[in-house]
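Okay, structure first, notes after.
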Amino acid sequence: MSDPDTVTEELTLTRLLQAATNAGPSRTALIYRNRSISFEQLQAESARVASGLVALGVGAGDRVAIWLPNTPAWLACFFACCRIGAIALATNTRFRSAEMEDILGRSEAKVLVYWPAFRGIDFSQILEEMGTSSGTALRSIVAYSEDGDPEPAQRVHGIPVHRYETLNAHAPIGSDAATADLGCLMFTTSGTTKAPKFVLHPQRSIVQHAHDVARGFKYLGAATVGMGVLPFCGTYGFSTGLAPLTAGAPLIVEPSFEPGRVIELIERHGVTNINLTGHMIVQLIAAKPPQGAFATVRSCGCGSGSSEVIEPAAAHGLRVSGLYGSSEVQALFSTQDDLQGALAERGLGGGWPVSPLAQVRARDVTSGAILPHGEAGALEIRAPSQMLGYFGNAEATREAITDDGFYRTGDLGYTLADGRFIYQARLGDALRLSGFLVSPAQIESVIVEHPSVSACQVVGVEDGGETKPYAFVTCTPGETFQEAEVLAFARSRMARYKLPTRIVCLEQFPTVQSANAIKVQKAKLRDMAQALLPSKPG
């Protein structure tokens, strides 16, 4: 494969897959349920599916919603869309009727590809429950199936259903409409408080970033084997899946995360590269992997919760490193993997950008001045991995991009002289305490040192014009939590202005499952903190 620093071919997904195929047609590209698929076979299937999509009336610029779990068909559909100039809409299999009604309607998707019987869930019924006015642009539904699945319906929501096998039976398409600047992939933002936005990327940004990730995350090493267990519908899973293919290495494709099976696959296939969430790593450790189970793993990125799992993972032989990414600049944007210092520092979010052309800066949220290294502010990024914009939302795009082309991440952090940056928190979660901008993580890291506390989340609420921090914790099994004791513990270890007004123990934090991770719902915690404020006299 070519050196990602000196990529000379046109930056299209068609050429990326062709280059990998030319380098070794018979080499394994995908391993799915004990079946190996070569690069030549993946390329051929994508060309056949492209013909099938054209037969359904899909052309350049049309949207195709891929509502599939991780399967070879997901990747074949994606490469097929790129070849005909269509836009793949990465659609979370956890979405239900109201969410599907919204995104199909606003994206005006022409075709939907789904697996009606995945995990025994009636996905057809989910579509039937959409409103009668939803999906007015939807012309065709494509049903993927595997052995043992029931026959798909002929129509769903009044829309004709075609078999994926029918698309895959077409003659391979001979033409290639892919161009570097053509939009090819849309991710949906989390949308926990607003309707999700559609983050549109051109082929150029996807391809260049895939080459940069392949180098920056060590996919170019000998005997590389990647693991694709994070959902492809999110930027984290997608970037993790595309990197080994870019490097000409095999990717193990898993439609769902099952800790025992993941451990078994790592050992059987000698997986070298894997990216996970902190929650997944906790489950892997809880599954009691045998000694040496992770001996082949040379790179394990953690997109959320890395600081909490890095030490227990190391005790099981799994080297975990913090990283950074977003739908707008793509996942695996940066990594702490090359850091040789303390485990705690390697577990921080951020790191060195994988692209040598990426620029990161921090801006003072009050004055607007660009800050020197080490001073926390609003992080801004300009990089080859950057989105085209928010599809169908020019106003949001203008708000997100500065006049000189930097993406306003909405994150709090700071840059370092060695070329790294450190992500601290979402800017909306940062606290202004006694005039100082404080990351909740600064407070959380102190409170979790108390033996009765297993995890901590800190939020701020306004009280009489002043922001007050409130801490919510989950407790260590077998330990007795006493709020006054933990407050005294924290008081002896941090500045008084950072000390939480209350520390409240919960059975669990309110969370939401996104395509990229399980996220704590800070807004709900803020509502809970608001309810704890002393009532004012009437």
Side-chain angles (χ1 to χ4, degrees), residues 1-13 15-16 19 82 178-185 187 199-221 235-236 238-240 242-247 275 299 301 303 321-339 349-363 370-373 377-390 397 400-411 413-423:
M1 302 300 295
S2 57
D3 185 329
D5 281 336
T6 58
V7 176
T8 55
E9 66 264 23
E10 187 179 4
L11 297 175
T12 71
L13 273 302
R15 295 203 175 201
L16 181 149
C82 295
T179 63
D181 295 318
L182 198 62
C184 69
L185 178 62
F187 297 112
V199 181
L200 177 60
H201 282 275
Q203 300 209 22
R204 178 189 304 277
S205 73
I206 298 293
V207 173
Q208 184 60 63
H209 187 58
H211 282 287
D212 289 334
V213 169
R215 183 199 66 246
F217 281 80
K218 302 183 175 68
Y219 284 93
L220 297 177
T235 181
Y236 194 18
F238 177 81
S239 293
T240 295
L242 193 58
L245 299 181
T246 303
N275 296 302
S299 175
S321 299
L323 43 77
Y324 179 86
S326 72
S327 295
E328 289 83 355
V329 296
Q330 300 184 60
L332 309 185
F333 174 84
S334 64
T335 177
Q336 302 275 18
D337 191 44
D338 289 333
L339 197 64
W352 286 277
V354 295
S355 170
L357 302 178
Q359 297 172 273
V360 182
R361 66 191 185 191
R363 185 185 295 276
I370 302 302
L371 295 169
H373 296 313
L379 291 175
E380 298 177 348
I381 291 173
R382 185 168 62 189
S385 63
Q386 204 161 308
M387 66 175 179
L388 278 175
Y390 297 115
T397 302
I401 307 299
T402 67
D403 291 342
D404 56 349
F406 279 75
Y407 163 61
R408 296 184 175 100
T409 67
D411 292 331
Y414 56 91
T415 60
L416 294 170
D418 63 4
R420 286 183 297 149
F421 70 98
I422 302 298
Y423 162 81

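Everything numeric in this text was worked out from a predicted model, so none of it was measured.
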Taking side chain as C-beta onward, heavy atoms only, is [X] less than 4.5 Å from [Y]?
X	Y	result
Met387	Phe187	no
Leu416	His373	no
Thr335	Phe217	yes
Cys184	Ile206	yes
Leu357	Gln208	no
Ile422	Gln336	yes
Thr240	Tyr219	yes
Tyr390	Val199	yes

Measuring from atom [atom1] of [X] to atom [atom2] of [Y], what distance do you get when rounded to the nearest 0.5 angstrom?
X	Y	atom1	atom2	result
Asp411	Leu379	CG	CG	6.0 Å
Gln330	Thr235	CD	OG1	5.5 Å
Leu200	Leu388	CG	CG	5.0 Å
Thr402	Arg408	OG1	CZ	5.5 Å
Leu332	Ser239	CG	OG	5.0 Å
Thr12	Arg204	OG1	CZ	10.5 Å

Exercise for the section: Please say which of Glu328, Glu380, Arg382 ends up in a side-chain hydrogen bond (donor to acceptor under 3.5 Å, both in side chains) with Tyr407. Expected result: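 Only match with Tyr407 under side-chain hydrogen bond (donor to acceptor under 3.5 Å, both in side chains): Glu328.
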
Which heavy atom of [X] sits nearest a heavy atom of [Y], and at what distance?
X	Y	value
Ser334	Leu323	O-CB, 3.0 Å
His209	Ser385	ND1-CB, 3.5 Å
Ala178	Cys82	CB-O, 3.4 Å
Val213	Ala243	CG1-CB, 3.6 Å
Gly377	Ala362	N-CB, 4.1 Å

Polar side-chain atom of [X] near backbone of [Y] as donor-acceptor pair, under 3.5 Å:
X	Y	answer
Thr415	Phe421	no
Trp352	Asp418	yes
Gln203	Leu13	yes

Practice task
Let me know which of Val207, Val354, Thr246 forms a side-chain contact (heavy atoms from CB on, under 4.5 Å) with Asp212.
Solution key: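 Going through Val207, Val354, Thr246 one by one, the side-chain contact (heavy atoms from CB on, under 4.5 Å) with Asp212 is satisfied by Val354 alone.
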
Practice task
Can you spot which of Ser205, Pro356, Ser355 makes a side-chain contact (heavy atoms from CB on, under 4.5 Å) with Pro384?
Solution key: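 Running side-chain contact (heavy atoms from CB on, under 4.5 Å) over Ser205, Pro356, Ser355 with Pro384 returns exactly one hit, Ser355.
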
Problem - Arg420 vs Leu339, side-chain contact (heavy atoms from CB on, under 4.5 Å): CA-CA, chis, key distance, verdict - result: CA-CA 10 Å; Arg420 286 183 297 149; Leu339 197 64; 3.7 Å; yes

Handout entry: Tyr423 and Tyr324 aromatic ring geometry - parallel, tilted or perpendicular at 30°/60° bounds
Key =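 Tilted, since the angle between the ring planes falls between 30° and 60°.
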
Exercise for the section: Kindly determine whether Asn275 and Tyr236 satisfy side-chain contact (heavy atoms from CB on, under 4.5 Å), including the steps that lead there. Expected result: CA-CA 8 Å; Asn275 296 302; Tyr236 194 18; 3.6 Å; yes

